[in-house]
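Computation of the quantities below employed the complete heavy-atom set of this structure, encompassing side-chain atoms and omitting hydrogens, waters and symmetry-equivalent molecules. Both ligands and their constituent atoms are indexed starting at 1 by order of listing.
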Amino acid sequence: MTEEHSNASVLWQKARDLIRKKVPDHVYMQWFAAIVPIRMEDRKIILGVPDDLFASWLTDNYQDYLCEGLEEAAGGEIAFDFETGHQADYPKDDLPREKSNPVQISWEDEDAGEIKVKPLRQENAPNCLPSYTFDNFIVGEENRYAYSAALTAAQNPGQFNPLYIYGSTGMGKTHLLQAVANAVYKNNPNTVVRYVTCETFLNSYLDSLRTHSTFKSHFEFRNHFREVDLLLIDDVHQLGGKDQIQEEFFNTFNTLYNAGKQIILTSDKQPSEIRGLEARLVSRFESGVTTQITSPTTFETRLSILQSEQKDQLVKLSPDVIHYVAERISSSIRTLKGALMRLVAYSSMLGRPVPMDEAEGILADMLDKEAETRKVSIDRIQQVVAEYFNLRVTDLTGSKRPKNIAEPRMMAMYFARELTEFSLVDIGNAFGGRNHATVLHAVSQVKTMCEKDDTFRRNMTAVKRKIQG
Ligand code: ADP
Ligand code: MG
């Protein structure tokens, strides 16, 4: 153990004993016992926590206890910071003392004594979270193909080259990318697997051009990224519009590609949709396997994710609350995990299980956001409108013009414009190949009718509610 670490360890043990006297047992177990001392940096202690959510919850809710405990233990002012990716082994003397504690808490049976830091950082690939593994990745319809492609890339590097995974935020792209890195590294630590975010790549590049850079020369920077077996770059949409780095990236890409080295890229868009990305890079990115991860649309996927998260959590929620979360939160896996984390935290603070009706209140703002961001498709709009007016979807997309069809059709076009991101041309196409002027006309007609006709306006409100419901 280094001196830095041992100082941090001594200070933290003192502080957590002081904190323990002030907070309820279950709060201590859920939050403070899970912290591991990492090192000292001048008058600052670095505390290891599992992830960002955990860190922000601690800061928002228990900062005062932490500050007081640390300052009392240090005998003066002391700052702290969190480092994610650590898990504590719970020592035996940390078991909850009240046997009757209503919150179900489980723990690992470990020897008594000082907190042990699992050597997580030695098992995972550099810059990667140890929990981002294939084992921890729940496979569903939404990500099955991306998962298999990533697994293949880890097992047979170079076969799918490049592998390009895209999808919006919180879908599991970073998790999959780091799972590849961790798997390859675990299998053979001598394999050089380099995981970086596009931003880090960019900053390292700019840094390498400076005289006093971390890289002794630009040449060293190049080798850092070119002398590798696998290069994994997260969020490459950030290359858009940055010409100088695109040149460098293009050369790195070619060097590795020609040597048959695996390249995996993630992005929030398809290559051709990244604004300001050179055509030659678009075609390179598209030349291998491109796969999308969509939002967790199936209830089963969402439920499995929650259940798997719960396995590692001390506080267990009731099955009906878990079902409720799985039913109501579907915009992204990050949000899903955030909702679970919030309920666990409440349960921990209250020292009792959270019943269904309370869960709804606790998650109120998240549920509102879900309703807002729930993507509405043109298909859905057409189905709802057709059903409401007792028509078939083909009536809306067809060419007949009687009033009983024309008005609902215009209404559907109006909603497609108002509630989706699709262009006028896309909307026209979805309505049987009508041109964009027809869509614009429909939108303005609907506005006029809303002003003049009360029944029409009431119908509009009812349909909108159904679409968003
Ligand atoms: P992205 O990079 O697409 O924005 P992340 O990889 O950061 O998303 O995922 C957000 C959170 O959701 C992370 O905590 C990650 O572990 C979790 N997650 C995403 N997909 C899955 C999955 N299929 N199974 C388990 N956890 C997942
Ligand atoms: Mg990411």
| query | Do ligand 1 and Ile138 have nitrogen or oxygen atoms that lie under 3.5 Å from each other? | reply | yes
| message | Ignoring waters, how many N, O or S atoms from the protein are under 2.8 Å from the Mg ion (ligand 2)? | response | 1
| request: Identify, for atom 18 (N) of ligand 1, the protein heavy atom at the shortest distance, and state residue, atom and that distance. | output: Ile333 CG2, 3.2 Å
| note | Within 4.0 Å of some non-hydrogen atom of Thr169, the atoms of ligand 1 are 4 (O)
| said: As an exercise, identify every atom of ligand 1 less than 4.0 angstrom from a heavy atom of Asn136. | reply: 24 (N), 25 (C)
| said: I'd like to know if Tyr132 contacts ligand 1, where contact means a heavy-atom distance under 4.0 Å to any ligand atom. | reply: yes
| message | I'd like to know if the side chain of Gln310 pairs up with that of Gln307 as donor and acceptor (distance under 3.5 Å, no hydrogens or angles considered). | response | no
| message | Does ligand 1 come near enough to Gly172 that some N or O of the ligand is less than 3.5 Å from an N or O of the residue? | response | yes
| Derivation and outcome, side-chain contact (heavy atoms from CB on, under 4.5 Å), residues Leu47 and Leu58 | CA-CA 11 Å; Leu47 301 170; Leu58 258 175; over 6 Å; no
| note | Taking only non-hydrogen atoms of Phe137 and a 4.0 Å limit, the atoms of ligand 1 in range are 20 (N), 21 (C), 22 (C), 23 (N), 24 (N)
| request: Verify whether one side chain among Arg284 and Asn254 offers a donor that lies under 3.5 Å from an acceptor in the other. | output: yes
| task | Using a strict cut-off of 4.0 Å, indicate which atoms of ligand 1 neighbour a heavy atom of Lys337. | result | 12 (O), 13 (C), 14 (O), 15 (C), 16 (O), 17 (C)
| said: Quick check: closest heavy atoms across Ile274 and Gly240, and the distance to 0.1 Å? | reply: CG2-CA, 4.0 Å
| query | Have Thr197 and Asp234 got a donor and an acceptor in their side chains that come within less than 3.5 Å? | reply | no
| query | At a non-hydrogen distance cut-off of under 4.0 Å, which region of Asn143 contacts ligand 1 (side chain, backbone, both, or neither)? | reply | side chain
| Under 3.5 Å side-chain donor-acceptor pair for Asp426 and Ser423 | yes
| query | In terms of residue, atom name and distance, what is the protein heavy atom nearest to atom 15 (C) of ligand 1? | reply | His175 ND1, 3.4 Å
| message | For Tyr62 and Trp31, take the angle between the two ring planes, folded into 0 to 90°, and tell me which bin it lands in: parallel under 30, tilted 30 to 60, perpendicular over 60. | response | tilted
| Of all the non-hydrogen atoms in the protein, which one sits nearest to atom 7 (O) of ligand 1, and at what distance? | Arg334 NH2, 2.9 Å
| field | Considering all heavy atoms, the nearest Ser308-Ile138 contact | value | CB-CD1, 3.8 Å
| request: May I ask you to check whether Glu141 and Thr301 show a side-chain donor-acceptor distance below 3.5 Å? | output: no
| query | Do His323 and Phe299 come within less than 4.5 Å of each other through their side chains, counting heavy atoms only? | reply | yes
| Under 3.5 Å: N/O of Gly170 near N/O of ligand 1 | yes
| said: Angle between ring planes, Tyr257 versus Phe253, binned at 30° and 60°: parallel, tilted or perpendicular? | reply: parallel
| Any N or O on Ile305 sitting closer than 3.5 Å to an N or O of ligand 1? | no
| field | Side chain Lys173, main chain Ser168, donor-acceptor under 3.5 Å | value | yes
